[in-house]
There are 4 protein chains.
Amino acid sequence: MGVKERKAMEREQRRNQILDAARHLLFHSGIKNISISKIAGQAELGVGTIYFYYQNKEEIFVTLQEEGLSLLHDQIVTISNKRISQKNKLIQVAKAYCRFSVEHKNYFDIINYFLSSSIVFFKPDLKNRVDKSGFKVLSVIRKIVDKGIEKGQFKQTDSEKYTILFWATIHGVLQTRKMEATLLKDDGFDGLFEYSVNQLIHTLTQQG
Amino acid sequence: MGVKERKAMEREQRRNQILDAARHLLFHSGIKNISISKIAGQAELGVGTIYFYYQNKEEIFVTLQEEGLSLLHDQIVTISNKRISQKNKLIQVAKAYCRFSVEHKNYFDIINYFLSSSIVFFKPDLKNRVDKSGFKVLSVIRKIVDKGIEKGQFKQTDSEKYTILFWATIHGVLQTRKMEATLLKDDGFDGLFEYSVNQLIHTLTQQG
Amino acid sequence: MGVKERKAMEREQRRNQILDAARHLLFHSGIKNISISKIAGQAELGVGTIYFYYQNKEEIFVTLQEEGLSLLHDQIVTISNKRISQKNKLIQVAKAYCRFSVEHKNYFDIINYFLSSSIVFFKPDLKNRVDKSGFKVLSVIRKIVDKGIEKGQFKQTDSEKYTILFWATIHGVLQTRKMEATLLKDDGFDGLFEYSVNQLIHTLTQQG
Amino acid sequence: MGVKERKAMEREQRRNQILDAARHLLFHSGIKNISISKIAGQAELGVGTIYFYYQNKEEIFVTLQEEGLSLLHDQIVTISNKRISQKNKLIQVAKAYCRFSVEHKNYFDIINYFLSSSIVFFKPDLKNRVDKSGFKVLSVIRKIVDKGIEKGQFKQTDSEKYTILFWATIHGVLQTRKMEATLLKDDGFDGLFEYSVNQLIHTLTQQG
DNA sequence: CATGAATGAGCATTCATTCAT
DNA sequence: TATGAATGAATGCTCATTCAT
């Protein structure tokens, strides 16, 4: 291994070390309580060192978001590889994201953080990375949709648009969970979520 | 007019004056850049005076959110009073919210602010006010749905759930606008939005 | 009753109303959390009104302290009227103050507040009132001591000095309670307190 | 000297610089008038710098208190090393604390500050430091008592309890000084103090 | 490469007091 | 008498960022 490669590896290790610290803080104190100096403390590095490896706090957040989305991506890929109907895949994807929003609440928070921040807030390069990792997740879903259409399990539709709609709906519904007590009677949020997924699927399967 | 009434009016005026300042800042620098002392400066009042009229910063945000939702509520009420089919009403409601997210971007941001904040973030009384004004908006939509079902224009469905789904979908889709460049080809966000509304409506109108 | 008297009575009522509010706050939030405006809120009076009846916050504290010391005074008078030996009276007085520091912790805090504040902190008239009500308490104890000496139950000593010593010791010992965990082993604070009272009494009763 | 040592020294110097400022303020305006930004101003440092060296205001107070108690500790150690009777040592210790409360009034105030603050007021680590330095002082006194007992100069007693009683009494009596004018006639506070010390010593020396 | 000290503007919030009505 | 709106300095504390070493 050449010097270049070793340096690159070391660099990657340090970046990971920092990310570990940031993730730890994210999970233990929530997104509102992360500061560079806390990350530095947790990582047992100097504050300046953090800035050597990351341009600023946002970039760390972006990286964490990539991480979260990658985790989710893998789950969805696993689902998409199952030998079940495309319809069931979509249902499982929805459920997976729902579970993800609970079990990986902090990653969900960080996704929310980006989704609800102003578009002008981020530098183009960071925004690009966020978009890209989101795109990757959506691509997997889109392939499910496409295959479903191809196999005649779903009706013809613009799969790109459907995919985004699918995702945006699930995400939007998940955001309403915090108003559960006020908005929902009877069967609560779970009922709403099931209803929503049913409608989304029905949209794809009924004959118009 | 008695002294009491005059005092009450003056009080209301001051509250508005402060709200004007907060709104001004919200519109000119975004939600991330509002601080009490900036509001005080803008309103040409002492910092303490702000706290005399509002219990804390969150309450100002809540009031602004109520304001935004009230604005939206009125638009939707107007639509719901039109002599058009319930289906067309829903379409117009969706479009109204889309327009709202552009024309009143900052109110949309503040709705986002609440939707993406942690549930534990707000004191119960404030959370209640937010929920209540959100509920008011949803109620109008629900009435449209109910009437559509009643008149046989829509199929039978759980109107409460459908309403939330409707809203969550629209909101979720609007949140994706900032990724327009990356995610969407061809006809861009407008196409996506139209597609989404169509699907939402179709859900209500097709015969299962 | 003349106008003057009625006015005076009304005035006294108002002062009490304010004091009730201050006491309520003292007991419910502790001495650190009392502010004039909170008192005003609690008393359902205007802030300005408070200042009409009390020169400032300190005066309210002084009045509360008088109240606390008066309460204590009454307890001690009751003890001093009992038909028991003077020695037992002193023991009971000590125990009464110990109980007082627990059961009326907030009054004890306020006594502490004055005792540990700088001498220059208070205006002469307020300081005088504090001293006077402290003096009243001490006088009762002194009478017990005097009677004990007179009856030959106690040895000859400077009863004025002994009384202050007695009091200062009890108070000093009570202040150490918060270090119980660090300083005291075995039988803890209660043991220390009993030991201290014994020594104080022994001082008076043994033949030198 | 290596880089590490120099850094450590510089760090210590800065801490001292800040402490100097805090002490200056303590001595010139009293404990009620110390604020972090005043300390920063006095030390000609930024506010943030203060927090770099001390976790919060309390820690500065704790450090000052340690300083004061350490000063006192040294005086007492000196006394305890003298070739005089244990009884005379105790008398001199009492007098030393009395002098300390005058000559180092501000350190005495800060001891009072801790003694009259609520137990829940301080974080465990800070409380520990306070307790520890208080304990150190008491230990010296206790050794005097123990040696006195051992040598038969004092009667048998629980030296741990006696030591605390001794200290609490002296401290309590010193706190009454501010009421000198009201409470004490004739030979004033000095008479009271002498009387108190005599009684304390007598307690140890008389044969019960 | 890595450090970590230093900054100082910024934050939300509190409060005793005044004063015109 | 009684009010309560208005003040603005003050408080403890945080933080992203810089830069000399």
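This one's a predicted model, so the numbers in the text were calculated from it and none came from an experiment. Chain letters run A, B, ... following the sequence lines, proteins first and then strands; every chain starts at 1.
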Original post:
Rounded to the nearest 0.5 Å, what separation is found between the CD1 atom of I60(D) and the CD atom of E67(D)?
Top reply: 12.0 Å
Subject >> Shortest side-chain distance from K57(B), nucleotide among dG12(F), dC15(E), dT13(E) >> reply: dT13(E)
**OP:** Please say whether more than 12 non-hydrogen atoms of neighbouring residues, nucleotides or ligands are located less than 6.0 Å from CD in E44(D).
**Re:** no
**OP:** With R15(C) as the cation and Y54(C) as the aromatic partner, state whether NZ or CZ is under 6.0 Å from the six-membered ring centre and within 45° of the axis.
**Re:** yes
Original post:
dA16(E), dT1(F), dA9(E): which one has an atom nearest the side-chain heavy atoms of V47(D)?
Top reply: dA9(E)
Subject >> Atom pair distance, as rounded to whole Å: NZ in K38(C) and P in dG4(F) >> reply: 19 Å
Subject >> Parallel, tilted or perpendicular: rings of Y113(D) and F122(D) (30°, 60°) >> reply: perpendicular
**OP:** Whole angstrom is fine here: how far is it from CG in L45(C) over to P in dT3(F)?
**Re:** 5 Å
Original post:
For the side chain of N56(C), counting heavy atoms from C-beta on, which of dT14(E), dC13(F), dT17(E) is nearest?
Top reply: dT17(E)
Original post:
Is any side-chain nitrogen or oxygen of T49(D) closer than 4.0 Å to OP1 or OP2 of dT7(E)?
Top reply: yes
**OP:** May I have the distance from I36(B) (atom CD1) to dA9(F) (atom C1'), rounded to whole angstrom?
**Re:** 17 Å
Original post:
Are Q55(C) and D125(C) linked by a side-chain donor-acceptor pair shorter than 3.5 Å?
Top reply: yes
Original post:
Which residue lies toward the 5' end of DNA chain E, G48(A) or S37(B), if each is placed at its nearest nucleotide?
Top reply: G48(A)
**OP:** In whole angstrom, give the distance that lies between atom NZ of K32(A) and atom P of dC11(E).
**Re:** 14 Å
Original post:
What is the distance, rounded to the nearest whole Å, between atom CD of E58(C) and atom C1' of dC15(E)?
Top reply: 13 Å
Subject >> Nearest-angstrom distance from the residue atom OH of Y51(C) to P of dC15(E) >> reply: 11 Å
**OP:** Please state whether the phosphate of dT14(F), meaning OP1 or OP2, lies under 4.0 angstrom from any side-chain nitrogen or oxygen of S35(A).
**Re:** no
Original post:
Taking CD1 from I39(D) and P from dA10(F), how many angstroms apart are they, rounded to a whole number?
Top reply: 15 Å
Original post:
Between atom CZ in F61(A) and atom C1' in dA16(F), what is the gap in whole Å?
Top reply: 12 Å
Original post:
So what does R14(A) touch, heavy atoms closer than 4.0 Å: a base, only the sugar-phosphate, or nothing?
Top reply: sugar-phosphate
